Each structure stands twice: as C-alpha cells, then as structure tokens.
Amino acid sequence: MTAPPRVVVVGAGPAGARAALAAARGGIRVVLVDGEPRVGGQYHRHPLAEPGSRRLHPLERSVVAQPRIEHLSRATVWALEAGPRPGSHLVHLQQGSADAAGRTQRTLVADALVLCTGAYDRVLPFPGWELPGVVTAGAARALAVGQRTAVGRRVVVSGTGPFLLPAAVSLLTAGSRVAGVYEAGKPSRWLRNLPAALRDGGPALLAELASYAGALARHRVPCRSRRAVVAAHGDGRVEAVTVARLDARWGVVPGSERVIAPVDALCVGYGFLPQLELPLAAGCLVRDGRVVVDARQATSAPGVYAAGEVTGVAGPVAAAAEGELAGLAAAADLSRACVPAREAAAAARVRAGRRFAAALEETYPIREGWRSRLTEDTLVCRCEEVTYGQLRDAVTDRGADAMRTIKLTCRVGLGACQGRICGRNAADLVAGLLGRPPADTLATDRRPLAHPVRLGDLASGPDGPPATC
Amino acid sequence: MRVLGEGVDVVVVGGGIVGAACAEALTRRGVRVLLAERGPLAGQTTARGDGRLLISDKPPGPGLTLAMASLRRWPLLLAALREELGPARAACEYERKGGLAVAVRAEEAAALRELAAAQRSAGADARELTPDEAIGREPHLTPAVRAAVHYPEDARLQPVLAATALLAAVRARGGEIRTGVHVLSVLTGADGWVVGVQTPDGPLPCGAVVNAGGPRAGTLAEAAGASLPVLPRYGTVLVTAPLPPGTVRHTVHGTVAGGPPVVVGAAPGGQVLISSGRRRAGADEALRADDLRALARCTAALFPVLAGVPVLRAYGGFHPGTPDGLPVIGEDPRHPGLWHAAGHAGAGVALAAATGELLGQLFTGEPPLVDPEPFRVARPGLGLAEEENRCP
Amino acid sequence: MPLTVYVDGVPHPARPGQTVAALLLATGRTAWRSTRHGGRPRGLFCGIGVCHDCLVAVNGLPDVRACLREVCDGDRIETQDGATLPGPAGERA
C-alpha cells in the first residue's frame with residue numbers, strides 16, 4: 001500500500017467533529033461523513049440561515065480550516081463491509097438531497113473507522129401516541145432551534161431525563177406556550193450526590209441545566225416529577241392529554257388522572273437509543289444497547305473506534321472528549337506513533353463523562369410500569385400499525401419466543417423505520433410476556449442496510465473497491 | 001420403528017420449517033415426537049427465506065417432481081391445519097399468486113422456452129405467453145421482455161407463520177417442543193440402533209432421530225458418525241418500501257443480460273422481496289454490496305418503475321446445499337434409526353410439505369407420494385456410496 | 001431570496017434551508033400522510049429521519065422524509081396516501 005492511511009469518521013456532531021480534528025492533527029487524512037448540511041450534529045444545530053448570513057460554529061470553523069479533513073455533508077453511510085486489509089473497511093455511502101433519487105454513490109476504503117452515529121429519542125408507547133402533533137422532544141427542539149418553527153401553540157412536555165428541559169425551553173423560544181413539563185422520574189435523586197455530579201458533569205453543564213429551570217420558572221411553566229402523560233386524545237390530531245401521578249414502578253396512581261385541554265402538541269422523550277446499525281455491521285460488541293469501548297475508545301472490532309452517544313449518553317462535553325480520544329487513538333494506531341499526554345488528558349475527561357452517564361442512567365431509569373398503560377389496541381409498531389394485542393398473540397398463541405420470529409409473526413418492526421422506534425419497546429414487552437428477555441434482543445437493531453437506498457441508485461453504484469484508495 | 005417404554009418414539013432435531021413439517025406428519029400418524037431446537041423456533045434459515053413455493057426455477061428431474069408434489073400438498077395440509085387449529089392459528093399468508101419466468105435476451109428466451117417444454121413433459125403446468133400477454137399479466141414488466149412462461153401453481157407463504165402453525169398442531173396432538181436444546185450427538189445401543197440423543201443436560205431417550213438441522217444437518221450427521229455432505233450456502237434478500245397492491249402480481253423469475261437470476265415478488269404487506277437465484281458457498285455471512293447491486297440491477301431492468309423505490313432492508317441467510325442439489329430424505333443405512341430431512345438448498349419452505357409427508361410415509365411403511373430413491377442417503381449423487389459398501 | 005414551492009398545487013413562500021416538514025407545519029398542517037392499513041393521519045414525529053412517519057412525495061417521488069428534506073425553488077410537494085409508486089417524472093438529486 002502506497003497511499004497514506006485514511007480514517008473515516010461517521011457523524012459530525014461533537015464527538016465526530018472532535019475525532020476528525022484530533023486524527024487530522026495527528027497527520028492522518030480524514031473523511032468526515034454526515035447526513036446534515038453542516039457540522040454540529042443534533043447538539044449544535046444551526047439556526048436556519050438568515051439571508052446572506054453564514055456564521056460558523058467554532059467547531060465547524062475548525063473543521064473547515066483543517067486541510068486534512070474532507071467533509072462530506074448530506075452523505076449517509078448505508079453499509080460497511082470488510083476492506084482489503086485487516087482492520088480496514090469498505091464504506092458505502094450516498095450523497096445528495098435527502099431521499100432524492102440519483103444521489104452520488106461512493107465507496108471509500110477506511111483504514112480505521114470512528115463511529116459517532118449518536119442517538120435518538122426513545123418514546124414509550126401509550127394510547128394515542130400515534131396522533132399527529134405528538135412528537136419527540138428532540139423533534140420539537142430540532143424544529144425550534146434549526147427551523148425557528150414551533151411544533152404547536154400550546155404544548156405539553158413529558159417523559160424522563162434532563163433533556164426535557166432544553167426541549168421545553170426551545171419551545172418557549174419558538175413562541176409556544178408550555179402547559180406543563182411532566183417528568184416521570186424523581187430527579188431529586190441528583191441531590192444525593194451533588195459533588196460527584198458537579199465533578200463528572202462539569203459545572204458548565206449543570207449551570208446550563210439550572211438556566212433552563214430558571215427560564216421555565218420565569219415563564220411560570222408547571223414542572224412536576226413522578227407524573228407523565230399516559231394518554232393522548234383527539235380526532236385526527238392531538239387535542240388533549242391525560243396526565244397522571246406515577247408510583248415508584250411508574251404505574252398510574254388510581255384517581256390521579258387529569259385531562260389537560262386544549263393542547264395542539266405533545267413532546268415526549270424517555271432518554272435515548274444509540275444508533276447501532278453501523279457498529280453492529282462492523283461487528284462491534286454491544287452490551288445493554290451501547291457499543292462497548294476500551295479506555296481508548298476502541299471497540300471489539302479491529303480498526304473500529306466509537307465515541308459519543310453510541311457508547312452512552314453524557315452530554316456534548318463528554319461526547320467531544322470521547323471523540324478526541326478516539327481520533328487520537330485511531331491516528332496513533334495507524335501511524336504507529338504515540339501521543340500519550342494528549343490521550344491521557346482526553347481519557348481523564350472521558351472517565352468523568354462515563355461516571356456522569358452512569359449517574360444519569362441511575363437517576364432516570366425506565367420503570368416497567370409503562371407497560372401497564374397499553375391497551376389491546378394501543379399501537380406498538382407505528383409503521384405497520386401492530387397493536388399490543390397482536391404482539392401478545394404472536395408470543396402466546398404462536399409460541400414465537402425470539403424477536404426475529406416475533407417480527408415475522410406479527411410484523412412488529414418490519415415497516416419503514418425497521419424497528420428503530422418500536423424495537424426496544426417490543427423487546428421489553430416480549431420480556432414481560434415471556435417472563436425473561438427474548439434470546440435475541442439485538443435482532444431489531446441489526447440492520448445491515450443502515451439507511452434506505454433507492455433501488456436505481458443501488459443499481460448504479462460502482463462495483464468492487466475503488467481503484468484509488 | 002421401535003417403541004420404547006420410556007421417552008418418545010422420535011426426536012426431531014431442528015425447529016425450522018422442515019423439522020416442523022416432519023413433526024407434523026409424524027404426530028398425524030400417531031408417532032410420539034419431541035422436537036428439539038437449539039435456538040428459537042423457526043429462527044434461522046426459515047426466518048430468512050422469501051417464502052416462495054416455486055416450480056418455475058426447477059429443471060425436470062426428481063427436484064421438480066418433489067416440488068410439484070409439495071406445491072400440491074401445501075394447500076391440503078393448510079386446510080387440514082385450519083380444520084384442526086382454527087383459522088387464526090393456522091393462518092400463514094398462503095397465496096397461490098402464480099409464477100412468471102421471463103427472459104429479455106434472445107438466447108435466454110430460447111433457454112426459457114426449452115426449460116418450459118421440458119417441465120411440461122414432466123407434468124408441470126408451464127404456459128408460454130407472448131410478451132404482450134406477459135405485460136398484460138404484469139403491467140410494470142419491462143417492454144423489452146421477449147419470452148415469458150406462466151406457472152399457475154407457484155405460490156407463496158410466510159415461512160415463520162407456516163412453521164409455527166405446523167408446530168401448534170404438533171403441540172395439540174401431544175407432541176413436545178423444546179427450545180434451547182442443543183443436540184450434540186446420537187446415542188446408539190449395543191445393536192447399533194438409536195436409543196437417544198445426547199444434550200448438554202443429559203440424554204433424551206428415543207427410538208429414532210430425524211435430522212432436520214438445516215445448514216447444521218451435516219454437523220449432527222458427522223457427530224453421529226454418518227457424515228453427510230450438507231454445506232451452507234449464502235443467499236441475499238432485498239426488501240423494498242411498501243408498494244401499492246398489484247405493483248408486482250406474480251413471483252417473477254428472470255435473468256437480464258447475463259446477470260444472476262433474480263426472483264421478485266410482493267409480500268401481502270406490499271413490500272417487494274428480491275432474492276437471488278444464485279448462492280455463495282462457504283460460511284461467510286457478511287453482506288456484500290456487490291451482491292446487493294447485482295440484485296438491484298437485474299430488478300431495475302425487469303421492473304423499471306422499481307428504480308425509484310427505496311430498498312429498506314437487506315438480509316442474508318444460510319441454506320443447506322448438497323452436491324447434487326437434491327435434499328436427503330430417509331433413513332441412513334449406515335446408522336439404523338437415524339433419519340435425515342435435510343439439504344433443501346434454499347427450497348426448504350417449498351419442499352417442506354412433501355418432505356414431511358414422505359418422511360412420515362417411509363417411517364410408517366405407507367406407500368410414498370413420490371419415488372424416494374433419488375433422495376435416499378446412499379444415492380450416487382451424494383458420493384457416499386463407498387461408505388455405504390463398507391457399512392451395510 | 002424567498003423560494004416558491006407548491007403544496008398540493010398551492011404556491012407557498014419558503015426560506016432556503018427550510019425543511020419540508022417545517023414548511024408544512026408553517027402552512028398549518030400537522031398531518032400530510034395516511035397509513036396504508038388504517039388510513040390514519042401522520043406527520044412529524046422524530047424530526048431527525050429515524051421514524052419515517054413524515055413521508056411525503058416531492059416532485060413525483062414518494063417516500064421522502066419531510067423532516068430531512070430541504071426545499072428547493074419550484075418543488076412540488078404532495079401528501080402521500082398509503083403506499084405510492086414514483087410518478088413518471090421522477091426527479092433527480
């Protein structure tokens with residue numbers, strides 16, 4: 001091989017951008033691939049440009065200024081394959097306007113891969129969650145921050161986790177009235193170990209959270225814990241929601257139900273689900289729904305590193321530290337050089353981030369009582385419109401006991417989203433029905449085709465590895 | 001068959017479509033069955049198939065004969081299951097939608113007509129269509145089509161539903177089904193007869209074993225000291241976004257410009273499944289982009305409208321292949337009491353109905369529905385003749 | 001420079017960089033697709049391209065995620081009922 005080695009970084013959020021910069025500074029050529037038009041990911045979402053303005057985020061400016069980084073925007077990696085050398089991969093991607101036909105097909109050879117594919121909101125199903133106007137907390141925030149558009153005029157926010165607060169604040173900024181923020185968990189658990197939270201989360205993050213709480217208080221937004229939206233109502237769109245008090249298991253406290261009306265949007269988020277397609281396609285070990293990495297962000301697959309929310313959710317600062325460490329490690333491994341000082345500094349920040357992620361999970365666990373809110377005809381799979389009753393019949397009447405066969409028996413997770421929204425929920429429901437987890441919980445996460453590709457584009461793609469690599 | 005005081009008459013190894021069909025056919029004949037599956041039921045090859053019941057892709061010979069018998073047997077079997085279990089538990093999306101084989105190039109068109117003529121003389125219903133008639137039946141087909149053959153008997157079903165329905169019948173008749181049971185080897189008594197199977201949790205006594213282990217059938221046979229040349233082959237399937245009903249009406253089988261043969265057909269949910277008629281040998285289960293591209297190219301050439309449709313999913317699975325492409329069905333002469341129902345080469349779902357029935361008939365000494373000779377273990381095509389001579 | 005796009009044939013002003021979903025919400029719609037089994041209305045849900053609930057047809061090509069797709073001048077945006085096939089004038093990227 002004569003060409004200098006190349007790292008392909010997938011995802012240009014805080015982790016991916018930092019990984020690309022760190023690897024490039026280590027003298028390695030980097031290709032940074034991301035679906036969005038700009039660097040920044042979901043955290044640093046760019047406001048819709050005013051005419052003529054082209055302000056760059058500092059992270060984006062650094063990426064643009066770094067000559068060893070080729071940034072492929074509006075590009076999605078749809079498959080990974082073993083490459084010509086040990087530890088190398090073929091990266092199949094398409095570039096162009098989202099879901100258009102005729103996007104450019106390219107295959108890159110990556111000597112090392114850094115996967116920073118991020119995470120998306122988890123939503124637990126409840127009666128009425130399929131009504132238009134019910135959106136994820138992340139959708140409301142992306143729309144408010146990135147598009148300056150409010151998802152509704154009178155909005156309720158519900159779910160669990162600290163991310164509900166910035167979502168609610170973004171709604172206020174976009175001009176919505178927030179009729180209430182209902183946190184199913186008990187965030188006061190934080191107070192038990194505030195020094196540790198300060199140390200691991202960093203003062204900036206806690207100050208940020210405090211500022212959100214302050215903004216909500218100024219707008220007199222009711223914020224309640226141990227409460228959640230347990231049903232949404234409306235004819236053709238959400239018009240009202242039922243909020244109830246929850247017991248320690250998240251069962252509804254009888255008699256505590258209260259209807260809030262009118263509302264025209266409901267934002268829900270129960271933590272995040274890592275985007276696992278590419279790590280699984282690369283053969284990375286995944287445990288508890290997260291990619292397992294070592295102290296240098298290396299996964300179990302040779303030549304593959306992972307950083308950011310695919311490894312656990314701890315906020316953008318921790319994600320950036322993981323990204324930097326992954327980029328340094330990938331560059332060092334490829335050039336057989338060593339940059340111990342910077343690696344050590346980044347590694348210390350990463351360790352703090354991991355403790356913070358663990359504390360977040362401990363503070364905002366998902367309790368099994370959510371399953372009791374599902375009725376016979378509550379949709380579990382939105383795409384294929386599979387109800388809880390149909391899922392249950394697949395297990396009890398057909399004796400299907402693995403996610404792969406349950407999918408094929410009742411069609412849960414077989415639709416357009418390929419189980420991204422319903423897979424984890426269905427696996428949890430099945431575990432409740434079987435009295436044990438199904439043998440193959442990862443079956444709904446395994447998607448060798450990581451993104452849809454138009455058949456004609458697939459047909460037009462170049463065969464084999466690229467001639468110049 | 002020997003009836004034991006304890007244990008069951010037969011342990012069926014493998015909870016896929018073939019094991020389920022064998023267990024169904026045996027329990028229907030009053031045989032006491034325990035089905036042992038290492039993983040989840042219908043979770044391996046059966047869950048990765050396209051569910052097509054085809055004669056269109058079978059050249060004349062014993063394979064076609066078995067396929068014809070199986071395609072005729074499926075609706076009868078499903079009707080009986082409906083009667084026994086009720087419509088909901090027996091439902092498996094069976095649909096006799098018919099098959100269409102098409103060719104675009106002149107030499108492929110000639111080969112197609114020749115194949116159809118040979119299939120007709122073997123008793124198959126293979127009707128030649130003019131290109132206009134083919135497009136009348138399948139409106140989105142490329143106008144470049146030169147030759148087409150209609151196979152009214154071709155059908156499809158959902159393999160996991162079919163397997164679970166067969167297993168429900170087995171349970172209803174008192175058969176036992178156990179998952180998470182890894183059968184390590186076959187136990188024999190002093191006289192060489194099967195007395196049970198060995199599992200990590202101890203032996204399961206039985207009078208006979210049916211090896212329906214799919215791609216792993218060769219491993220069990222080996223462990224039983226009766227090697228069987230069943231080797232895994234890898235096939236790939238593409239699944240499109242849901243499309244309007246009638247976009248692809250038949251199971252269309254075609255070759256375009258020398259590419260691999262593709263099989264294109266719609267599932268009841270509207271998604272179109274595209275699979276390859278060609279499979280890769282070996283144990284490598286990585287999906288290859290070149291395989292997907294080749295499938296996409298041929299499909300877009302056959303159905304130009306599909307070029308704009310998103311492919312949502314790609315998956316692959318192992319199929320058990322044999323050197324002569326025919327399954328092995330029957331008792332192993334080297335190992336009395338060990339039966340095989342394996343090596344269906346990607347047509348396990350199509351051939352399961354006849355395979356189960358044939359195995360049941362041979363087991364109880366009834367007249368067989370097809371000539372069992374071409375499927376026996378000791379046929380020359382498997383290359384085991386020498387061993388057979390050594391161990392009569 | 002404001003853009004003009006057509007939503008079910010009706011012209012609407014749009015901003016560069018605006019997503020189809022943001023534009024549709026701005027026109028007062030919450031739903032722009034119906035499901036193929038139940039005919040249920042759907043619109044934005046995850047907002048970041050994961051759930052495929054917000055599918056819409058753009059310039060005759062169905063199954064476009066409205067939350068990801070940025071509008072172009074002259075785009076013809078059409079609501080999507082159930083499963084649909086690409087129109088004869090399938091657009092290019």
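This is a predicted model, so every value here is computed, not measured. Lettering of chains follows the sequences in order, A, B, ..., and the numbering in each one begins at 1.
One finds a salt bridge joining A/Arg392 and A/Glu376 here, because a Lys/Arg side-chain nitrogen approaches an Asp/Glu carboxylate oxygen to under 4.0 Å. Using a cutoff of 4.0 Å between basic side-chain nitrogens and carboxylate oxygens, A/Glu70 and A/Arg106 are scored as salt-bridged. By the 4.0 Å N-to-carboxylate-O rule, A/Asp393 lies too far from A/Arg398 to be salt-bridged with it.
Proximity to chain A involves both the backbone and the side chain of B/Ala300, based on heavy atoms less than 4.5 angstrom apart. With a threshold of 4.5 angstrom between heavy atoms, B/Ile177 does not approach chain A through any atom at all. When heavy atoms are compared at a cutoff of 4.5 Å, B/Thr46 does not approach chain A at all. Neither the backbone nor the side chain of A/Arg446 has a heavy atom closer than 4.5 Å to any heavy atom of chain B. Both the backbone and the side chain of B/Ala165 come within less than 4.5 Å of a heavy atom of chain A. With a 4.5 angstrom heavy-atom cutoff, B/Leu238 touches chain A only via side-chain atoms. For A/Glu384, the part lying near chain B is the side chain, with the backbone staying farther off; criterion is any non-hydrogen pair under 4.5 Å. If you measure heavy-atom distances from B/Ala91 to chain A, the contacts under 4.5 Å come from both the backbone and the side chain. Both the backbone and the side chain of B/Val311 come within less than 4.5 Å of a heavy atom of chain A. Neither the backbone nor the side chain of A/Arg447 comes within contact range of chain B; no heavy atom of the residue lies under 4.5 Å from a heavy atom of that chain.
Residues A/Asn425 and A/Arg371 have side chains that never bring a donor and an acceptor to within less than 3.5 angstrom of each other. In this structure, a donor-acceptor pair under 3.5 Å is absent between the side chains of B/Asp201 and B/Thr199. For the 3.5 Å distance criterion, the side chains of A/Gln105 and A/Trp78 qualify, holding a donor opposite an acceptor. A/Glu81 and A/His92 are linked by a side-chain donor-acceptor pair at a separation below 3.5 angstrom, with hydrogens and angles left out of the test. Counting only N and O atoms by type, the side chains of B/Ser275 and B/Arg52 include a donor and acceptor under 3.5 Å apart.
Of the listed residues A/Gly415, A/Ala439, A/Gly456, the one with more heavy-atom pairs under 4.5 angstrom with chain B than any other is A/Gly456. When each of A/Ala416, A/Gly399, A/Ala394, A/Ala79 is scored by its heavy-atom pairs under 4.5 Å with chain B, the top score falls to A/Ala416. When the candidates B/Ala168, B/Ala301, B/Ala289, B/Ala241 are compared by the number of heavy-atom contacts under 4.5 Å with chain A, B/Ala289 comes out ahead.
Using a 4.5 Å heavy-atom cutoff, the side chains of A/Val8 and A/Leu32 are not in contact. Two residues are said to be in side-chain contact when any heavy atoms from C-beta on lie closer than 4.5 Å; B/Ile274 and B/Val237 fail this criterion.
When the heavy atoms of residues 264-271 of chain B are compared with those of chain A, the residues falling under 4.5 Å are B/Gly269, B/Gln271, listed by number.
Of all heavy-atom pairs spanning B/Glu138 and B/Phe303, the tightest one is CG-CE2, 3.8 Å.
A search for side-chain contact (heavy atoms from CB on, under 4.5 Å) contacts involving A/Ala139 returns A/Val135, A/Thr136, C/Leu44, not counting sequence neighbours.
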